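Predicted model only: the values in this text are computed from it and were never measured. Side-chain atoms are counted along with the backbone in the values below, which use heavy atoms only and exclude waters and symmetry mates. Starting from 1, each residue takes its place in the sequence as its number.
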Amino acid sequence: MHRLPSSGHCTPSPPQSPSVRSPRYRHGRAKPGRVAPAPPPRTVAHRLAWIVLSVLLRRQGIFLFAPLIYISGMLFYMGTVSFDVGPVITHRLAPGSVYRSPQVYAKLRPDMDADNSTADAISTIWKNSYKGGEWRPCVNKSIGGLPDSNGYIYVEANGGLNQQRTSICNAVAVAGYLNATLVIPNFHYHSIWKDPSKFNDIYDEDYFIRTLQNEVRVVNKIPDFLMERYDHNMSNVYNFRIKAWSPIEYYKENVLPRLLEEKVIRISPFANRLSFDAPPAVQRLRCLANYEALRFASPILTLAETLVARMKERSVSSGGKYVSVHLRFEEDMVAFSCCVFDGGKQERLDMDAARERGWRGKFTKPGRVIRPGAIRINGKCPLTPLEVGLMLRGMGFGRNTSIYLASGKIYDAERNMAPLFEMFPLLQTKEMLASPEELAPYGNYSSRMAAIDYTVCLHSEVFVTTQGGNFPHFLMGHRRYLYGGHAKTIRPDKRKLAQLFDNPNIGWKTFKRHMLNMRSHSDSKGFELKRPNDSIYSFPCPDCMCRVSKSRDSRSASAT
């Protein structure tokens with residue numbers, strides 16, 4: 001039987017190496033009786049190499065020049081090689097650094113639409129209950145009168161709706177602590193929000209003053225006899241420039257002496273000028289101001305409650321329960337994030353123009369490097385409408401779930417909103433729920449529109465935050481205050497989402513498992529107690545609420 005030699009698997013034995021003859025013994029003779037084989041013919045290269053080796057062995061000092069010879073040889077070699085054509089090295093992009101959500105959506109949609117096990121998620125989402133019982137509001141109110149005032153405090157609240165809310169509540173706390181009279185805060189006009197609304201345009205001013213009457217004196221304006229000292233010009237009043245997160249002791253040691261001397265002081269700007277960690281008396285005033293005294297003005301509240309009723313009517317199949325989503329995909333948010341999506345050249349032009357319009361020169365400073373991929377990996381990119389839809393479907397919310405979308409004007413809405421409407425055809429916005437005539441008085445006022453969104457989100461069964469900021473942080477705390485200490489809020493892990501949305505090969509079952517775990521994590525984090533440096537506006541327990549034990553001998557703890 002003949003066998004063919006295998007190719008590449010068996011190699012012949014290497015030939016024996018020729019005996020190396022030292023130049024020192026090259027004249028030696030062969031042993032008697034043994035015939036030496038004839039040496040193979042030498043080429044010019046062999047002879048040249050033999051001569052060089054002989055010289056090196058005789059003149060060992062030449063080894064000192066070996067490095068120089070090596071470098072010269074390499075330079076000579078490199079000079080003869082062209083680098084115009086060479087291997088192309090491709091760098092693998094880090095997972096999560098690229099926006100591939102549309103490809104993931106196309107991959108998952110058939111199995112997602114075929115999944116019929118998600119119909120009643122809104123009724124079963126909150127399974128866990130706090131082991132020690134629920135919590136209830138318990139902000140104690142004073143009964144007696146107030147001592148004589150030490151003077152008037154005037155603050156300028158800057159930022160958007162909820163940043164201004166922080167200023168109001170902190171101002172109440174400072175005024176009460178210093179036994180001062182608080183002038184209704186003035187809202188600073190901001191170039192981004194562009195809302196000239198005053199306090200009484202957004203909040204019920206009379207209700208605010210009445211609720212705090214036994215805690216802090218609140219007035220509309222400073223008396224004329226005091227303003228005469230300053231020619232009726234607030235810019236002439238001494239202004240404190242206070243560092244952010246200053247402790248309440250700073251106000252007692254530095255602000256109070258000047259207040260007693262001047263009788264009128266001004267603090268501008270005043271956002272975030274009081275530390276979150278404060279004595280119980282200060283926290284109680286914050287709780288009272290935020291959760292009891294601040295109520296939206298009657299026109300805003302009436303329309304917002306009307307939209308809540310309409311959402312419940314449209315959610316009759318789920319017992320009147322609906323999901324609210326705070327979507328931050330407006331043009332200014334997308335531009336500020338510096339993230340890259342799938343809008344191509346037009347998106348790049350739009351974002352460059354928006355950055356220059358809103359933050360002139362901020363993003364084009366020499367030496368500033370923007371890395372969109374790193375921003376996405378770190379979970380800092382705003383979720384797109386498509387990503388929000390995929391996340392919610394994966395968490396178990398079916399096509400028949402009623403969703404209220406709280407948002408400004410979505411960037412490139414016609415294109416970006418289409419997938420979300422495909423996944424949730426019952427989705428509503430305030431513009432869809434209300435008539436143009438109903439919204440007309442608020443259309444040019446971003447803070448008033450945000451107040452409407454705030455109210456509808458407040459009364460939803462589930463609130464979904466997608467980007468962070470003051471709006472969701474206040475809502476989480478307010479919802480804890482209303483719903484027994486549980487926020488009933490979904491806070492997605494955006495770093496993990498970036499990884500999942502960057503995998504076009506992921507299967508529906510795998511994706512859904514990750515989303516359900518994320519939903520469960522939000523449930524377990526719904527009950528959280530305030531830690532020293534946490535905001536009382538996000539974590540009202542235990543400063544603003546008392547635990548209600550499940551046992552018969554339930555105890556009530558004082559907020560102070």
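Side chain to side chain, Tyr99 and Thr384 meet the donor-acceptor criterion of an N or O pair below 3.5 Å. Side chains of Tyr230 and Glu262: a donor on one and an acceptor on the other come within 3.5 Å. If you check the side chains of Ser235 and Asn233, you find a donor sitting under 3.5 Å from an acceptor. In summary, the side chains of Arg241 and Ser268 do not present any donor paired with an acceptor at a separation below 3.5 Å, with no hydrogens or angles considered. Between the side chains of Asn290 and Arg165, at least one donor N or O lies within less than 3.5 Å of an accepting N or O. Side-chain atoms of Arg328 and Thr466 form no donor-acceptor pair, as typed in the model, at a separation below 3.5 Å. Side-chain N/O atoms of Asn170 and Arg286 include a donor and acceptor closer than 3.5 Å. No hydrogens or angles considered: a donor-acceptor pair under 3.5 Å links the side chains of Tyr481 and Glu292.
Using cut-offs of 30° and 60° on the angle between ring planes, the pair Phe474 and Tyr537 is parallel. In this pair, Trp245 and Phe276 present their aromatic rings tilted. The plane angle is within the 30 to 60° band. Ring geometry, Tyr238 versus Phe240: the interplanar angle exceeds 60°, so the pair is classed perpendicular (tilted spans 30 to 60°).
Not less than 6.0 angstrom separates the ring centroid of Tyr322 from the ring centroid of Tyr404. The six-membered or imidazole ring of Phe208 lies near that of Phe199, with a centre-to-centre distance under 6.0 Å. In this structure, Tyr251 has its ring center at least 6.0 angstrom away from the ring center of Tyr177.
Looking at Tyr454 and Met449, their side chains never come closer than 4.5 Å, going by heavy atoms from C-beta outward. Side-chain contact between Leu288 and Asn140 is absent, with no heavy-atom pair separated by less than 4.5 Å. Within the 4.5 Å cutoff, the side chain of Asp523 has heavy atoms near those of the His486 side chain. Taking 4.5 Å as the limit, some side-chain heavy atom of Arg368 sits within range of a side-chain heavy atom of Lys362. Residues Met351 and Glu331 have side chains in contact (heavy-atom distance under 4.5 Å, counting atoms from C-beta outward). Contact check for Lys198 versus Asn186: side-chain heavy atoms found under the 4.5 Å cut-off. Ile490 is listed as a side-chain neighbour of Val462, based on a closest heavy-atom distance under 4.5 Å. A 4.5 Å side-chain heavy-atom check between Tyr411 and Asp350 finds at least one atom pair inside the cut-off.
Geometrically, Arg295 engages Tyr207 in a cation-pi contact defined by less than 6.0 Å to the ring centre and at most 45° from the axis. Cation-pi contact between Arg376 and Phe341: present, with separation from the ring centre below 6.0 Å and deviation from the ring axis of at most 45°.
A salt bridge does not link Glu134 with Arg480: none of the charged nitrogens is closer than 4.0 Å to a carboxylate oxygen. Salt bridge absent: Lys252 and Glu249 never bring a charged side-chain N and a carboxylate O closer than 4.0 Å.
Results of the ring pair (Phe, Tyr, Trp, His ring centres under 6.0 Å) test with His478 over Tyr291, Phe463, Phe539 single out Tyr291 as the only residue that passes.
Within the model, atoms OG of Ser524 and CZ of Arg519 stand 12.0 Å from one another, a figure rounded to the nearest 0.5 Å.
Between Cys544 and Cys138 the SG-SG gap reaches or exceeds 2.5 angstrom.
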Could you walk me through whether Leu212 and Leu285 pass the side-chain contact (heavy atoms from CB on, under 4.5 Å) check?
CA-CA 9 Å; Leu212 296 173; Leu285 290 174; 5.8 Å; no
